[in-house]
Amino acid sequence: MRSSLTPLGPPVSRDRVITSFPKWYTPDACLQLKERFHGQVSTTCQRKNTGTVGLRHSKVVVVGDLYVGKTSLIHRFCKNVFDRDYKATIGVDFEIERFEIAGIPYSLQIWDTAGQEKFKCIASAYYRGAQVIITAFDLTDMQTLEHTRQWLEDALRENEPGSCFVFLVGTKKDLLSGAACAQAEVEAVRLANEMQAEYWSVSAKTGENVKAFFSRVAALAFEQSVLQDSERRSSARLQVGDGDLIRGSPPETQESTTSSGLGCC
Ligand SMILES: Nc1nc2c(ncn2[C@@H]2O[C@H](COP(=O)(O)OP(=O)(O)OP(=O)(O)O)[C@@H](O)[C@H]2O)c(=O)[nH]1
Ligand SMILES: [Mg+2]
C-alpha cells in the first residue's frame with residue numbers, strides 16, 4: 001500500500017508516512033518530550049499552507065569512529081539490508097529518503113561520512129548546512145563513545161551555533177545482553193545530556209529501533225523547518241506592512257542567513 005499524496009515523483013512507501021509525532025527512546029536524554037506536533041505546525045499542514053516546505057529536505061550528517069556501523073545503520077534504514085562484511089566508507093556517501101509528514105512531502109538527505117582518519121578532511125567538507133548531526137558509537141566499544149565528543153565538536157564548528165539537532169546513537173545493540181546494554185546506556189545518556197543530544201540504542205543487524213529513530217529525526221527536522229518557514233513568511237509580511245519591503249531582504253536571502261540547516265550543500 002502506498003500513500004496517495006504524489007506532488008513530486010512516485011508516492012512514498014507507507015512506512016515513511018508519519019502522522020503523529022514519533023516518541024523518544026528514553027526520557028532521560030531526549031530533545032523534546034511532547035507527543036504532538038506543535039499546534040502551529042498542525043494548523044499549517046492541515047491548510048497545506050507550507051509554502052515551499054513541500055519541496056524541502058533536511059541535511060543529516062552521520063559521524064563517528066571507523067567501524068562503529070554508520071553505513072550499516074543508513075543502509076538498514078534506506079535499503080533494508082545488512083552486510084556482515086566491513087567495507088570502509090571512502091570520503092562521503094549520501095542517500096535521500098522521502099517521507100510524508102502530517103500530509104506534507106519531506107526528505108532527509110543523509111550524509112554518511114568516513115570514520116577513518118585519512119578521510120577526515122574530505123568528510124568534514126560536508127558538515128556545513130547540517131540540520132541534524134548524528135554522532136554514532138559502538139555499544140561494545142566504549143572508547144568510541146568517548147570519541148564522539150570530538151566528532152561532534154568538529155561537525156558543530158562548521159554550523160551556526162544552535163542550528164543543529166544532535167543525536168547520540170549507540171550501535172550494534174544485538175551484540176549485548178540486556179544488562180550490558182543498560183550499563184553502556186548509563187554512560188551514553190550522561191554524555192548525551194552533556195552534548196544536549198537525544199540518545200538512541202539501535203541495531204542495524206536486527207533493525208531494532210532503526211525506523212523509529214529516523215522517523216524521530218525526520219519529524220523533529222520537519223517541524224523546525226515548518227516553524228522557521230512560518231516565521232520567515234510572517235516577518236516578510238511585517239516588512240510589507242511597515243512599507244519596508246524594498247529595504248528589507250527578500251525571504252530567499254533571509255533564509256540563507258537565518259537558517260543554516262535548510263540549505264543544500
Ligand atoms: N552485529 C552487528 N554488527 C554490525 C552492526 N552494524 C554494523 N555492524 C558491523 O560492523 C562493521 C562496520 O560497519 P560499517 O557500517 O561499515 O561501519 P562504518 O562506521 O560505516 O565504518 P567507516 O565507513 O569505516 O567509518 C561491519 O562488519 C558491519 O557488519 C550491528 O548493528 N550489529
Ligand atoms: Mg561507512
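One-based numbering along the sequence shown. As the structure is a computational prediction, the values presented were derived from the model and not from experiment. Remember, it's 1-based here, ligands and their atoms both numbered in the order they're listed.
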How wide is the angle at the Mg ion (ligand 2) spanned by T89 OG1 and T71 OG1, rounded to 10 degrees?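 Computed angle, vertex at the Mg ion (ligand 2), rounded to 10 degrees: 90°.
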Return the residue, atom name and 0.1 Å-rounded distance of the protein heavy atom closest to [atom].
atom                    : value
atom 10 (O) of ligand 1 : K172 NZ, 3.2 Å
atom 21 (O) of ligand 1 : Y67 N, 3.0 Å
atom 19 (O) of ligand 1 : K70 NZ, 2.8 Å
atom 13 (O) of ligand 1 : S72 OG, 3.5 Å
atom 3 (N) of ligand 1  : F82 CZ, 3.6 Å
atom 27 (O) of ligand 1 : R84 O, 2.9 Å

Could you go step by step and tell me if E194 and R190 meet the salt bridge (charged side-chain N to carboxylate O under 4.0 Å, His left out) rule? CA-CA 6 Å; E194 233 181 78; R190 191 177 302 146; over 6 Å; no
Cation-pi check for W200 against K173: NZ or CZ below 6.0 Å from the six-membered ring centre and within 45 degrees of the axis, yes or no?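 So K173 doesn't make the cation-pi contact.
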R216 charged N/C atom sitting above F99 aromatic ring, 6.0 Å / 45°: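 No, R216 does not sit over the ring of F99.
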Under 4.0 Å from a heavy atom of [X]: which atoms of ligand 1 are those, numbered in the order shown and with their elements?
X    : value
T89  : 22 (P), 23 (O), 24 (O)
G115 : 22 (P), 25 (O)
A204 : 6 (N), 30 (C), 31 (O)
A88  : 23 (O), 24 (O)
D65  : 19 (O)
D174 : 1 (N), 2 (C), 30 (C), 31 (O), 32 (N)
S203 : 31 (O)
L175 : 1 (N)

Please test R76 against L73 for side chain to side chain contact (heavy atoms under 4.5 Å, CB included), starting from the C-alpha separation and ending with a verdict. CA-CA 5 Å; R76 167 58 77 192; L73 173 63; 5.8 Å; no
Looking at I122, I want to see if its CD1 is surrounded by more than 12 non-hydrogen atoms of other residues, nucleotides or ligands under 6.0 Å.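 Above 12, so yes.
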Out of curiosity, is D83 lining ligand 1, as in a heavy atom under 4.0 Å away? yes
May I ask you to check if ligand 1 and [X] share an N or O to N or O distance below 3.5 Å?
X    : value
G69  : yes
Y86  : yes
D112 : no

If only atom types and distance count, is the side chain of [X] paired as donor or acceptor with the main-chain N or O of [Y] below 3.5 Å?
X    : Y    : answer
T113 : V92  : no
D112 : D93  : no
T144 : D138 : yes

Measuring from [X]:[atom1] to [Y]:[atom2], what's the distance to the nearest 0.5 Å?
X    : Y    : atom1 : atom2 : value
I133 : Q131 : CD1   : CD    : 11.0 Å
E95  : H75  : CD    : NE2   : 5.0 Å
L108 : S215 : CG    : OG    : 9.0 Å

Passing candidate, ring pair (Phe, Tyr, Trp, His ring centres under 6.0 Å) with F167, options F137, Y199, F213: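 By the ring pair (Phe, Tyr, Trp, His ring centres under 6.0 Å) criterion, F167 pairs with just one of F137, Y199, F213: F213.
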Is S72 close enough to the Mg ion (ligand 2) to have an N, O or S atom under 2.8 Å?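 Within the cut-off used here (under 2.8 Å), S72 places no N, O or S atom near the Mg ion (ligand 2).
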With a cut-off of 2.8 Å, does T113 put an N/O/S atom close enough to the Mg ion (ligand 2)?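 Within the cut-off used here (under 2.8 Å), T113 places no N, O or S atom near the Mg ion (ligand 2).
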Take E185 and T26, measure what side chain to side chain donor-acceptor pair (under 3.5 Å) needs, and give me the verdict at the end. CA-CA 10 Å; E185 285 182 347; T26 168; over 6 Å; no
